[in-house]
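Worksheet: one structure, shown below.
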Amino acid sequence: MTENSGIFIQSLYLIFSLDADLMEIIGLSLYVSLSALFLAALIGFPLGSLLAIRKFTGSKLITVIVNAFMGLPPVVAGLVVYMLLSRSGPLGLLGLLYTPEAMIIAQCLLIFPIITALSRQTVEDMNYEYDEFFRSLRLSFSQRIKTLLWESRIGLATVLLAGFGRAIAEVGAVMIVGGNIEHSTRTMTTSIQMEISKGNLELAMALGIILLILSLGVTTVMHMVRSRYSTMQGGYRNE
Amino acid sequence: MRLAIIGVVILGLFLLLFSRTDKDRPIIFMATTTTQDSGLLSILIPELEKDTGLDIQTIAFGTGKVLRSAMEGNADVILVHDPENEITFMENGFGTERIAVMRNNFIIVGPESDPAKIVTSDNAANAFTKIVRSQQNFVSRGDESGTHNAEQKIWSKLNVDPLTLPAENYIQTGAGMGRTLNVAIEKAAYVLTDSATWATYENKGDHQILFEGDDLLINTYHLITVNAESHPHVSPASQNLILDWFQSNKAYTTINQFKHQGQTLYFPIR
């Protein structure tokens with residue numbers, strides 16, 4: 001028990017001492033995962049709503065594939081991006097392997113299916129509810145997508161959270177395409193893995209606690225935003 | 001569908017935005033996990049950067065993965081410890097120069113009580129035989145790393161295929177040295193490791209060094225420069241700066257003075 005409380009104190013000490021290396025690692029973790037989330041949402045939201053509203057040839061197939069890829073193992077996502085970006089791969093000329101950008105691409109690939117599949121579900125429910133209303137207004141297709149995305153923003157915030165959680169927590173993909181380079185591609189999860197392999201189990205645990213606190217912080221912020229909006233919306237929808 | 005196309009175009013633009021020219025690209029120095037876990041790289045690389053003025057990024061993987069990455073041109077210079085595979089690598093034209101940098105020893109580590117009584121072994125092969133005979137557990141890296149291949153050499157000297165041993169006795173982790181040591185300690189098993197990793201490893205439990213000192217257990221590290229002719233993004237000029245530095249007195253003293261609790265971890269080779 002004394003040993004465990006020691007770990008907790010060590011992690012608190014690490015946070016409050018504002019250790020420059022630790023801050024850099026935290027910053028990089030957030031930069032990579034949030035960028036991946038942004039890119040994935042940029043493509044995932046429109047694609048998800050398209051799949052929800054329009055039934056076209058192959059839309060069912062795409063939906064099935066996207067759903068299946070929600071379970072894509074991070075190491076496989078990492079391997080695919082590695083083979084693409086490797087010097088002997090098709091995109092080797094870009095020289096992107098072992099850079100933070102490569103990690104963003106890998107995480108984007110990992111969470112894009114989650115964002116697409118979950119936003120499709122959210123928007124589809126919303127579309128079903130408002131279908132007649134939209135018809136009566138004779139909204140154009142793009143207006144309809146815009147309205148639906150806006151109206152489902154609370155559900156979509158949860159979708160973003162799910163994607164962010166998956167991105168910030170994974171280690172397999174960023175290890176393969178990032179390489180855990182100090183001051184360049186070392187994230188929270190890869191440094192935890194490195195400390196475990198050095199046998200520094202206490203430091204690894206302390207880093208783990210920090211990662212948890214970080215993730216808790218992001219979730220809390222999004223939750224607060226969400227509950228604020230939902231009370232506002234509840235007000236005029238009079239539910 | 002139009003949205004999807006726009007999405008792909010945006011992703012493409014991001015890729016282009018991210019891409020780097022070869023000029024501002026840092027040197028990728030790939031080394032074995034043991035040199036990172038022992039802390040050598042964090043002493044050596046800053047000195048190397050300071051003296052050569054190069055921007056160097058270090059990546060640590062097992063030797064097998066390092067050699068594979070270097071073949072594909074994903075590294076500029078590599079530091080590895082698997083002589084046989086290194087020679088194959090050179091013979092196939094993947095590297096241009098190969099110099100010996102430093103050495104230390106492989107050691108056999110096990111529980112303090114030493115149930116197989118390997119302390120009194122004459123050589124490494126004899127120690128392995130005792131472990132097999134007394135049906136004790138042995139943990140292997142099983143990841144094609146330098147340490148793993150050194151272990152394979154001992155088995156082949158004995159004419160024993162370790163894969164024919166019972167799976168509960170011969171445990172393959174497929175992981176780096178540190179994580180393999182974690183497993184060995186939990187399973188009260190014997191394990192082959194290198195002296196530097198063991199000295200700096202923090203989670204020893206009641207394990208200790210039970211056998212060392214055999215010619216088969218010499219662990220030599222070589223520096224190899226990746227063939228710049230087949231990989232145009234690799235700069236031979238920067239490679240030569242690094243090669244020269246590793247042959248300098250500065251490198252010799254830096255490696256020689258790298259100690260853990262007063263113990264020299266790597267012995268530089270001239």
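This structure is a prediction, so every number in the text was calculated from the model and none was measured. Just the heavy atoms: all of them, side chains too, but no hydrogens, waters or symmetry mates, feed the values below. In what follows, every chain begins at residue 1, and chains take the letters A, B, ... in the order their sequences are listed.
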If you look at every heavy atom in B:Phe61 and A:Met175, which pair is closest and at what distance? CZ-O, 3.9 Å
List the atom of A:Tyr82, the atom of B:Asn74, and the distance in Å for their closest heavy-atom pair. OH-ND2, 3.1 Å
As an exercise, state the distance from CG of B:Asn203 to NZ of A:Lys198, rounded to the nearest 0.5 Å. 14.5 Å
CE of B:Met90: more than 12 outside heavy atoms within 6.0 angstrom? yes
Would you mind checking which part of B:Ser69 comes under 4.5 Å of any heavy atom in chain A, side chain (CB onward), backbone (N, CA, C, O), both or neither? both
Within a radius of less than 6.0 Å around CZ of A:Phe134, do more than 12 heavy atoms belonging to other residues, nucleotides or ligands occur? yes
So how far is it from B:Ile59 CD1 to A:Glu182 CD, rounded to the nearest 0.5 Å? 12.5 Å
Proximal component of A:Ile181, with respect to chain B [non-hydrogen, under 4.5 Å]: both
Nearest heavy-atom neighbours spanning A:Ile196 and B:Asn182: O-ND2, 3.3 Å
I'd like to know which of B:Lys204, B:Arg179, B:Met177, B:Glu72 tops the heavy-atom pair count under 4.5 Å against chain A. B:Glu72
Is the NZ atom of B:Lys65 crowded by more than 12 outside heavy atoms at less than 6.0 Å? yes
Return yes when atom CZ of B:Arg68 has more than 12 non-hydrogen atoms of other residues, nucleotides or ligands closer than 6.0 Å, and no otherwise. no
Heavy-atom cut-off 4.5 Å, strictly under: side chain, backbone, both or neither for A:Glu195 against chain B? neither
So OG of A:Ser197 and CD of B:Gln36: to nearest 0.5 Å the spacing works out to 7.0 Å
Non-hydrogen side-chain atoms of B:Gln57 and A:His183 separated by less than 4.5 Å: no
Does the side chain of A:Arg87 come under 3.5 Å of the side chain of B:His231 through a donor N or O and an acceptor N or O? no
Region of B:Met71 in contact with chain A, defined by heavy-atom distances below 4.5 Å: neither
